[in-house]
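Before any comments, here is the structure.
Quick note: numbers below take in every heavy atom, side chains included, and nothing from hydrogens, waters or symmetry partners.
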Amino acid sequence: MATRKKYIQRAIAVILVLTGINIAAAYFHGRWDLTAEKRYTLTASTRQMLRKLDSPVEIEVFLKGDYPASFRQLAQSTSELLEEFREYGKQNLRFTFINPGQGLTDSARMKFLGELTAQGIMPFNMKVQQEANDGFAEKLIFPGALVHYKGKTVGVNLLKNQGGQDPMQTMNSSEALLEYQFAYAIHKLQEKEKPLIGYMLGHGESLGAEVYDALSTLQNSYGLDTLTLQAASYIPRDFNVILFAKPAGAFSDADKFKIDQYVMNGGKVLWFLDESSATMDSLHEHPEFFAMDRGLNLEDLLFRYGVRINQDLVLDLQSDVVPLVVGNVGNRPQIQPMPFPYFPMLMPTKAHPIVKNLDMVLSRFVSSIDTIKNDAIRKTILLTTSRNSRTTRLPAQVSWDIVKTQPNPREYRQKYLPTAVLLEGKFTSLFRNRENPDAVNQLFHASGQPFRESSDTINKMIVVSDGDVISNAVSRKEGPLQMGINEFNPGFAFANKEFFLNCLEYLSGNSGIMEARNKELTLRLLDGEKIRQEKTKWQVICFLVPVGLVLLFAMVFQFIRQRKFAE
């Protein structure tokens, strides 16, 4: 009786302990990330943002359905990340996985999918094998999510197009960017006051259809205002960043003085400059023309800040295509897309969060950039050409004939020419120690602002040697396209828009969120040849070892049992 009572007491004690442990675990629990690259660890800025949520964030992820293994892996990674988000956001972070358009009529479904596209969630055309036959059918999927907060909504693209990459590497890059994508979306929805971007005018900058996507992007994500430089006595400090988008006219000393003093007072500048006069319109009008120096008169200003845009044009074997008539079939011309060396596909250096895990950027008639030795300024190259490029000095003859001949690789021996550079440090004024102080004083009095010889704090600017990076093509049928889309090859979007937004995000002071772009997941692939050679061996091991262990355990147990009862 006493023994039975002892067993009951022990059982009750065990139940009470387990119950207590479960109750404690519901309130106090921890996680350990044992992966080498800290795959499941959020950055400090992301954790802090999630802890400070003051209202529910609801996330709808459109990755539910019958998808291939790679998309199921992306869905699993997204779910794991959002679970981690919920650890810090608590009840203010909710998410669901849904099949877009499921249960809707065809018209309602098309309308809903159109709304997803309007939110920036790009569709992906996937081939699915039919069960009834050996053929394939095309299925349009939307690998994205909608983030809702206080009545506002932002779309998130979960699949990053990585042109030329292996599909496995593409998915790996997409998974590495998941934290940044969601953190950036939540951050933008939380912003009470958007950073103000100044779109500079007065030197031939466009406000037309060719910059429609850039202006729309600015209006959606930032405050936007225009400023005619000649009409203002100085550039207001209210602008977080000023943007020069492909100016065509020369800058006077007065113009440069205003820019210079804006920089000395901590203002950020994003330059998209064309050193040459070459444009697609010139090629449409004439089969060949001479590209001349635009004469922007910015050489001394940029030189003082740490860079020089060379008076040349870059040609690259890794280039985008243009349509070329290669023959006739009957009375109809036969058109074939051909690589055009003047349209280099710029490569991200991955040296900075701005270009980490970024796809290639489309350019047109780009120039090379040299960096100037200046210990006070740190230069980070963001974009380069490929390892097979060359330059031609201005004035340069540009002709369609270059497409008709096979390029000679021996002529393309220059490697990784810089085309976009980030400058960070304490800048020195161009007008410091000028030989003609009267001219400086005149500019100083005209501006009505105190003259500064240098910046007191660390400042930053970005120089890109191609204004067309943020230009968009204009289709006769669809109107303005997204920047980075070739009108002759609309099926693929380069990363121009993402690069543009990353530059603005970094310059406008939100670099904390961009830390998440530094995350890099190691892709650990199995050796296919070794698998094929050792397949049988490992199948035998995986079958026999568990069975052998069970038999060995049974034999040992039986031996111990016999010894015990024999005694």
Side-chain angles (χ1 to χ4, degrees), residues 1-61 63-64 69 72-98 145 147-149 175-176 178-183 186 190 515-516 519-522 524 538 541-567:
M1 189 70 180
T3 304
R4 182 179 179 185
K5 183 178 180 181
K6 184 186 294 185
Y7 282 136
I8 294 174
Q9 290 175 344
R10 288 179 179 178
I12 294 174
V14 169
I15 292 173
L16 290 175
V17 169
L18 292 176
T19 303
I21 291 174
N22 278 276
I23 293 174
Y27 294 95
F28 308 100
H29 61 279
R31 295 182 174 201
W32 290 271
D33 188 351
L34 302 179
T35 58
E37 64 270 28
K38 299 301 177 184
R39 176 187 293 255
Y40 303 105
T41 301
L42 303 181
T43 60
S45 57
T46 301
R47 295 196 300 267
Q48 183 179 9
M49 179 186 65
L50 293 172
R51 288 191 183 106
K52 292 183 177 180
L53 289 176
D54 57 355
S55 187
V57 173
E58 296 183 357
I59 302 174
E60 296 176 285
V61 184
L63 280 176
K64 184 178 181 180
R72 292 199 298 271
Q73 173 62 32
L74 181 62
Q76 178 64 27
S77 298
T78 304
S79 178
E80 291 172 352
L81 175 77
L82 295 179
E83 287 283 359
E84 195 70 20
F85 271 39
R86 191 159 56 187
E87 285 293 312
Y88 297 95
K90 305 300 180 183
Q91 70 276 5
N92 283 329
L93 199 291
R94 309 166 188 166
F95 66 91
T96 55
F97 281 72
I98 63 175
V147 183
H148 309 279
Y149 178 78
E175 290 179 36
L178 286 176
E179 179 187 339
Y180 170 75
Q181 296 281 75
F182 284 109
I186 296 172
Q190 279 186 314
E515 292 177 11
K519 183 174 288 187
E520 190 166 354
L521 306 184
T522 304
R524 298 177 175 88
W538 288 106
I541 290 174
C542 290
F543 175 76
L544 293 181
V545 168
V547 175
L549 289 175
V550 171
L551 293 175
L552 178 63
F553 175 78
M555 292 170 61
V556 172
F557 179 77
Q558 184 65 21
F559 174 76
I560 294 174
R561 187 171 179 271
Q562 288 178 350
R563 287 282 302 269
K564 180 180 179 180
F565 287 102
E567 293 175 358

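By the side chain to side chain contact (heavy atoms under 4.5 Å, CB included) test, Ile12 pairs with Ile8, Leu16, sequence neighbours left out. Annotation: salt bridge (charged side-chain N to carboxylate O under 4.0 Å, His left out) contacts of Arg94 (sequence neighbours excluded): Glu58. When the salt bridge (charged side-chain N to carboxylate O under 4.0 Å, His left out) test is applied to Arg86, the partners found at least two apart in sequence or on another chain are Glu83.
A donor-acceptor pair is defined here as one N or O able to donate and one able to accept, closer than 3.5 Å; no such pair exists between the side chain of Glu179 and the backbone of Leu42. For Ser79 (side chain) and Ala75 (main-chain N/O), no donor-acceptor pair under 3.5 Å exists by modelled atom type.
Here the side chains of Ile541 and Trp538 are in contact, with some heavy-atom distance below 4.5 Å. Contact check for Ile59 versus Leu93: side-chain heavy atoms found under the 4.5 Å cut-off. No side-chain heavy atom of Gln76 sits less than 4.5 Å from a side-chain heavy atom of Arg72. At a threshold of 4.5 Å between non-hydrogen side-chain atoms, the residues Glu60 and Thr96 count as touching. Contact check for Tyr149 versus Ile186: no side-chain heavy atoms found under the 4.5 Å cut-off.
In this structure, Phe97 and Phe95 have perpendicular ring planes: the angle between them is above 60°, well past the 30° mark.
In this structure, Leu63 CG and Leu74 CG are separated by 5.5 Å, a value rounded to the nearest 0.5 Å. Once rounded to the nearest 0.5 Å, the distance linking CZ of Phe553 with CD of Gln558 reads 11.5 Å.
For the pair Ser77 and Glu175, the tightest heavy-atom approach, listed with the atom from each and the gap, is OG-OE1, 2.9 Å. In terms of heavy atoms, Gln190 sits closest to Lys52 at NE2-O, 4.4 Å. Scanning both residues, Leu53 and Asn92, for their nearest heavy atoms gives O-ND2, 3.0 Å. The minimum heavy-atom distance between Thr78 and Val61, with the atom names listed, is CG2-CG1, 4.1 Å.
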